[in-house]
Engineer: 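I have a structure I would like to understand better, so I am pasting it below and will then ask my questions one at a time.
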Amino acid sequence: MGQRHGHREDAEVSETELLALVCCDLAAIVRGRSLAAEQLAEHLHTGIGWVPANHALTALGPLAEPNPFGSTGDLRLLPDPATRMRVSPSAEAPALELILCDLLEIDGRPWECCPRRFLRDALADMEREFDIRVAASFEHEFQLMRDDVPVSLPFSLEAQRRAEPFATNVMDALTQADVRPERFFPEFAAHQFEIPVAPANGLAAADRAVILREVVREVARREGMRATFVPLLNPDEAGNGVHIHISLIDAAGSSLLFDAGGAGALSEVGERFAAGILKHARALTALTAASPVSAMRLQPHRWSAGAVCLGRQNREALLRLPPLVTLAGADPAAQLRLEYRGADASANPYLALGALIRAGLEGLRAQLPAPPILEEDPAGLDAAGAERFGLGALPASLEEALGELERDEAVRAWLPPLLYDAYASVKRAELAAVSELDLADVCRRYAGVY
Ligand code: GLU
Ligand code: MG
């Protein structure tokens with residue numbers, strides 16, 4: 001992500017403009033502390049204070065009890081200057097300016113629960129062991145919570161025009177924030193929209209996911225609305241997915257996923273990587289579909305992900321090979337990517353992408369056999385067909401997913417023990433907090449959070 005120093009010269013930047021130093025926690029909530037922007041230089045190398053127990057805060061407010069941190073310890077939020085972004089002020093609000101931080105011990109050692117570090121380590125292992133770099137992008141869906149305009153037809157131009165000036169303002173703000181939005185379009189559900197963004201290296205891609213959510217919510221807030229990325233707003237409607245697109249590339253940026261002769265044009269490296277993700281898929285969902293309402297989105301025929309399998313141009317598959325356009329001489333190699341459809345915005349993007357890479361790495365190390373590629377609706381297969389395609393159901397609840405995470409020793413081993421304990425405490429506390437509510441109420445509760 002580029003620095004946006006250009007904005008520092010803006011006549012409109014006031015001396016007291018606040019710059020937020022933030023991190024994305026285990027519940028995927030962005031938290032931090034702000035200072036006057038011109039004081040950043042004093043804190044660039046030593047950071048500002050932070051508390052370990054903040055990583056045991058649930059998405060519903062209260063601290064998870066018990067949690068492994070308690071009331072002791074101190075950390076530093078260390079800003080990463082490459083992530084600094086700013087969205088200009090509007091009539092309604094001052095500028096939104098933030099910088100993403102790593103979490104360090106006070107003596108400068110990395111903190112074992114820092115999500116950015118988790119992803120950075122996974123990327124480094126891919127590069128060191130297999131000389132593979134990861135490019136990724138997070139494709140987000142969200143809904144505007146409003147009843148002042150009627151619901152328009154899915155994908156209709158009218159739906160987009162009724163969302164103005166939000167649509168134009170949000171694309172402008174995302175461009176200012178260097179998130180590189182590619183498109184804006186209405187989706188299937190009421191007031192639902194999607195914004196795909198350009199791929200970036202793995203860490204920057206996760207940074208962009210964090211920033212995109214904040215910018216979208218900021219622009220909606222300025223217009224008197226709430227934008228929610230809740231995985232499911234209405235149990236009877238389509239959910240809001242976060243599809244994670246992964247490309248494997250070499251040092252020169254050429255695709256290592258593409259092989260024109262391979263099934264689905266997938267190389268052996270790509271097949272092994274995909275097989276690793278499918279092998280650990282059930283445990284992975286504890287990290288990628290991480291709220292009590294997430295599992296309900298991942299049901300057959302919601303066009304999210306109906307089964308654990310690899311599919312080509314198949315929106316019911318957990319892992320999908322998107323189309324390779326050859327029209328007008330377009331290069332298919334550059335387009336090939338693996339689309340993981342099982343994530344949503346309750347997932348910390350660093351943990352989600354880091355875990356997918358760890359799973360792929362296991363597939364590469366074990367040289368797992370190529371997964372078969374499904375081209376039809378998995379729900380239509382009989383038992384023999386399901387077995388042939390290695391189909392499995394996704395966990396039916398977060399509780400089931402956490403059980404899978406606990407049992408899958410490989411996946412657990414990727415997480416430092418303290419991180420695992422903190423994560424499990426946060427998620428179990430959230431489950432307990434909503435256990436008496438019905439699904440529609442839980443969806444509403446989480447719509448106010450994500
Ligand atoms: N809304 C769907 C989901 O929850 C995705 C639909 C699509 O864009 O394919 O993942
Ligand atoms: Mg979509």
Side-chain angles (χ1 to χ4, degrees), residues 28 136-145 151-157 159-160 163 167 170-171 174 181-198 209 212-213 216 227-246 277 281 284-285 287-323 337-347 349 352-353 356 374-379 393-396 398 401 439 443 446-447 450:
S137 75
F138 289 68
E139 171 195 319
H140 285 84
E141 292 168 338
F142 60 92
Q143 282 167 281
L144 294 176
M145 297 172 75
V151 174
S152 303
L153 291 171
F155 313 109
S156 68
L157 181 61
Q160 176 168 330
V170 81
M171 292 298 271
L174 289 168
E182 288 184 326
R183 263 173 280 292
F184 178 98
F185 57 90
E187 256 284 353
F188 198 79
H191 307 299
Q192 187 184 33
F193 302 95
E194 174 171 327
I195 304 182
V197 304
L212 178 139
R213 298 171 194 178
V216 169
T228 181
F229 292 81
V230 69
L232 203 56
L233 179 58
N234 177 342
D236 301 325
E237 280 192 334
N240 295 300
V242 176
H243 300 174
I244 305 179
H245 294 254
I246 297 178
I277 292 176
L284 281 171
T285 56
L287 297 165
T288 64
S291 79
V293 298
S294 295
M296 280 307 293
R297 181 188 140 248
L298 299 177
Q299 297 293 315
H301 299 152
R302 280 192 183 275
W303 293 59
S304 55
V308 177
C309 62
L310 175 64
R312 178 155 58 161
Q313 293 167 239
N314 187 336
R315 292 176 183 80
E316 287 289 309
L318 178 65
L319 209 52
R320 169 178 180 255
L321 295 169
R337 59 205 190 272
L338 289 166
E339 176 185 1
Y340 177 84
R341 300 174 63 83
D344 64 50
S346 65
L353 181 58
L356 291 173
L374 185 70
E375 314 226 8
E376 59 202 285
D377 181 354
L394 285 146
L398 177 60
L439 179 64
C443 289
Y446 277 89
Y450 295 114

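Read the numbers this way: they start at 1 and go in the same order the structure lists the ligands and their atoms.
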Engineer: For the Mg ion (ligand 2), which N, O or S atom of E187 is at the shortest distance?
Structural biologist: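 That would be atom OE2.
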Engineer: Could you tell me whether the side chain of L318 reaches within less than 4.5 Å of the side chain of Y340, counting heavy atoms only?
Structural biologist: yes
Engineer: Does atom CZ of F188 have more than 12 heavy-atom neighbours from other groups under 6.0 Å away?
Structural biologist: no
Engineer: Provide the atom name of the closest N, O or S atom of E194 relative to the Mg ion (ligand 2).
Structural biologist: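 It is OE1 of E194.
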Engineer: Taking backbone and side chain together, does E141 place any N/O/S atom at a distance below 2.8 Å from the Mg ion (ligand 2)?
Structural biologist: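 Yes, since at least one N, O or S atom of E141 sits under 2.8 Å from the Mg ion (ligand 2).
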Engineer: If you define the side chain from C-beta out and look only at heavy atoms, does anything of P349 sit under 4.5 Å from R213?
Structural biologist: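 Yes, at least one pair of side-chain atoms sits under 4.5 Å.
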Engineer: Any sub-3.5 Å donor-acceptor pair from R341's side-chain atoms to W303's backbone N or O?
Structural biologist: yes
Engineer: Would you mind listing which atoms of ligand 1 come within a distance below 4.0 Å of any non-hydrogen atom of R315?
Structural biologist: 9 (O)
Engineer: Are the aromatic rings of F193 and F184 close, with centres under 6.0 Å apart?
Structural biologist: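 They qualify: ring centres under 6.0 Å apart.
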Engineer: Name the closest protein heavy atom to atom 4 (O) of ligand 1, giving the residue it belongs to and the distance to 0.1 Å.
Structural biologist: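 The closest heavy atom on the protein side is R297 NE, 2.7 Å.
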Engineer: Show which atoms of ligand 1 fall inside a sub-4.0 Å distance from at least one heavy-atom site of G239.
Structural biologist: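 Under 4.0 Å from G239, ligand 1 has these atoms: 1 (N), 4 (O).
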Engineer: Is there a donor-acceptor contact under 3.5 Å from the side chain of E376 to the main chain of N314?
Structural biologist: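 No, because the side chain of E376 does not come within donor-acceptor range (under 3.5 Å) of the backbone of N314.
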Engineer: Give yes or no for whether the N/O distance cutoff of 3.5 Å, strictly under, is met between A238 and ligand 1.
Structural biologist: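 Min N/O separation from ligand 1 is not below 3.5 Å for A238.
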Engineer: Around atom 9 (O) of ligand 1, find the nearest protein heavy atom and jot down its residue, atom name and distance.
Structural biologist: R341 NH2, 2.8 Å
Engineer: Is E187 close to ligand 1, meaning an N/O of one under 3.5 Å from an N/O of the other?
Structural biologist: yes
Engineer: Using a strict 4.0 Å cut-off to heavy atoms of S304, name the atoms of ligand 1 that fall inside it.
Structural biologist: 3 (C), 4 (O), 10 (O)
Engineer: Where the side chain of E141 meets the backbone of G241, is there a donor-acceptor pair that is under 3.5 Å apart?
Structural biologist: yes
Engineer: Enumerate the atoms of ligand 1 whose separation from the nearest heavy atom of E194 is less than 4.0 angstrom.
Structural biologist: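 Answer, ordered by atom number: 8 (O).
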Engineer: Does the side chain of E187 reach to within under 4.5 Å of the side chain of N240, using non-hydrogen atoms?
Structural biologist: no
Engineer: Do any N/O atoms on E141 end up under 3.5 angstrom from N/O atoms on ligand 1?
Structural biologist: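 Yes; at least one N/O pair falls below 3.5 Å.
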